[in-house]
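See below for the structure under consideration.
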Amino acid sequence: MPSFRAPRGTRDLLPAERPGWARLERLAAELAARYGYREIETPLFEQSDVFERGVGETTDIVEKELFRLAPRAEDRETWALRPEATAGIVRAFIQHGMQTWPQPVKLTLTGPMFRYDRPQAGRYRQFWQWDVEAIGDAGPAVDAELVELGLRFYRDAGLPDVDVLLNSIGDPACRPAYVAELTAYYRSIADELPELERRRLETNPLRLLDSKEPAMGNINLDAPKITDRLCGPCAEHFAAVRAHLDALGISYRIEPALVRGLDYYTRTAFEFYRRGAEGQQQALGGGGRYDGLVELLGGRPTPGIGFALGLDRVILALEETGRPPVPEPRPIAIVCGADPAATAERLRVATELRAAGLPVRAELGRRKLGRQLEAAVKEGARFAVILGDELAAGEVQLRDLHAASQRPVALADLAALLHRKTPPTGG
Ligand code: AMP
């Protein structure tokens with residue numbers, strides 16, 4: 001037999017891990033609702049074009065990392081798994097005429113994304129993002145709102161020490177001149193550039209700024225900075241974003257080399273890092289403004305801004321800080337019985353308790369009562385409901401597994417009693 005394994009770069013999230021993820025998903029959903037973002041789901045795959053245009057053909061994400069689905073002979077379209085959420089959400093915005101909805105349209109989505117990346121810690125081929133988009137608002141206040149929302153998520157998740165890196169990457173009015181100047185700078189020192197970067201220079205020179213090649217460190221120190229070359233309106237917008245962040249008491253570091261990998265970004269770009277971990281090149285999350293994207297995908301010109309926070313990296317960071325795992329929910333009671341064969345009775349009583357809203361497990365096997373109770377204790381249940389001869393008279397034995405005490409209880413009172421003993425859920 002072959003020994004099958006999850007594909008390279010993917011993971012099973014096992015029952016013991018899922019509660020930690022569920023906690024983050026709940027937090028994301030709760031914060032999104034609190035800030036007025038409405039939930040949307042888009043397909044896990046789209047026409048490849050949505051990403052080729054919407055993310056950019058010269059980005060790593062499209063050039064190297066797109067999971068393309070093999071087309072069948074009869075297909076007239078080609079598809080790819082979504083590497084990020086923004087392009088699909090903007091496609092949906094246009095398709096459903098959301099430009100006629102009250103603006104801005106604030107949308108949120110949490111789910112898996114797919115990139116054919118080289119797997120390593122914190123870098124997977126299937127990973128999860130919490131994504132938030134505000135479409136139809138040119139800013140600058142909403143830019144600051146998003147940065148604040150991201151920081152609140154990290155803080156409430158248990159990561160208070162998160163730094164914000166902030167930049168403006170200009171717009172079509174000022175970026176071309178800057179890119180030309182940057183290209184000229186790199187060309188003037190072309191023989192010092194690593195091979196990969198020399199090639200990239202011809203397709204997407206901005207990418208050289210966030211190059212991971214060590215040799216680029218000093219070269220980039222002397223590179224012209226976009227923040228010195230913004231046009232009037234971009235400079236004004238950037239100053240206003242900073243003023244709004246200042247008004248919220250949020251500190252940030254301006255990072256002129258922060259250009260992010262995606263072509264559609266304009267003006268505000270930001271990334272979140274664990275304090276002191278910037279050197280690892282692993283952002284916890286990032287976002288930015290994409291005022292050109294709706295038009296690029298076929299809609300009317302509409303500004304927009306959003307962020308994507310990677311949940312995998314938050315889980316990793318929480319583990320590294322030694323935070324105890326979120327416990328799995330436990331049944332309040334296990335329905336056991338003295339007669340191993342009486343599975344129908346146990347199932348019926350458990351079904352009644354479940355219908356009353358109680359998390360209970362029924363012992364549906366045929367092991368002896370002693371074994372049933374041992375299993376109940378191992379599972380962390382508080383009570384065992386033990387069915388015996390008294391059932392005919394409408395009574396069961398309720399065993400408190402913590403106190404190791406036992407007493408008869410009328411079946412009619414059992415659900416109410418267990419409800420009173422059920423700890424409130426949360427956390
Ligand atoms: P990006 O769209 O590349 O800026 O990604 C936004 C966030 O998603 C990053 O900051 C990471 O937290 C997360 N992320 C991106 N790619 C991966 C990956 N391959 N594995 C895990 N998380 C990722």
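First listed ligand is number 1; within each ligand, the first listed atom is number 1.
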Which of the numbered atoms in ligand 1 are below 4.0 angstrom from a heavy atom of [X]?
{"X": "Ala308", "value": "6 (C), 7 (C)"}
{"X": "Gly285", "value": "10 (O)"}
{"X": "Asp117", "value": "19 (N)"}
{"X": "Ala283", "value": "9 (C), 10 (O), 11 (C), 12 (O)"}

Kindly say whether Ala121 contributes a backbone atom to a donor-acceptor pair with the side chain of Gln282 at under 3.5 angstrom? yes
Under 3.5 Å, side chain of Gln95 to main-chain N/O of Phe93, donor-acceptor pair present?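 Side chain of Gln95 to backbone of Phe93: no pair is present.
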Could you give the distance from OG (Ser211) to OH (Tyr186), rounded to the nearest 0.5 Å? 8.0 Å
Side-chain donor-acceptor pair under 3.5 Å between Trp130 and Thr108, yes or no?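 There is such a pair (donor and acceptor under 3.5 Å, judged by atom type) between the side chains of Trp130 and Thr108.
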Polar-atom distance check: Phe127 versus ligand 1, any N or O pair below 3.5 Å? no
What I want to know is whether Tyr124 and ligand 1 share at least one N or O pair that is separated by under 3.5 angstrom. yes
For ligand 1, note which part of [X] has a heavy atom under 4.0 Å away: side chain, backbone, both or neither.
{"X": "Leu284", "value": "backbone"}
{"X": "Arg123", "value": "both"}
{"X": "Gln129", "value": "side chain"}

Between Arg367 and Glu374, is there a side-chain N and carboxylate O pair less than 4.0 Å apart?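 The answer is no: the pair does not qualify as a salt bridge.
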Any salt bridge linking Arg118 with Glu65? Criterion: basic side-chain nitrogen under 4.0 Å from a carboxylate oxygen. no
Please work out which of Arg115, Glu65, Gln120 has its closest non-hydrogen atom nearest to atom 1 (P) of ligand 1.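 Comparing heavy atoms across Arg115, Glu65, Gln120, the nearest one to atom 1 (P) of ligand 1 lies in Arg115.
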Is any side-chain heavy atom of Arg38 less than 4.5 Å from a side-chain heavy atom of Trp101? yes
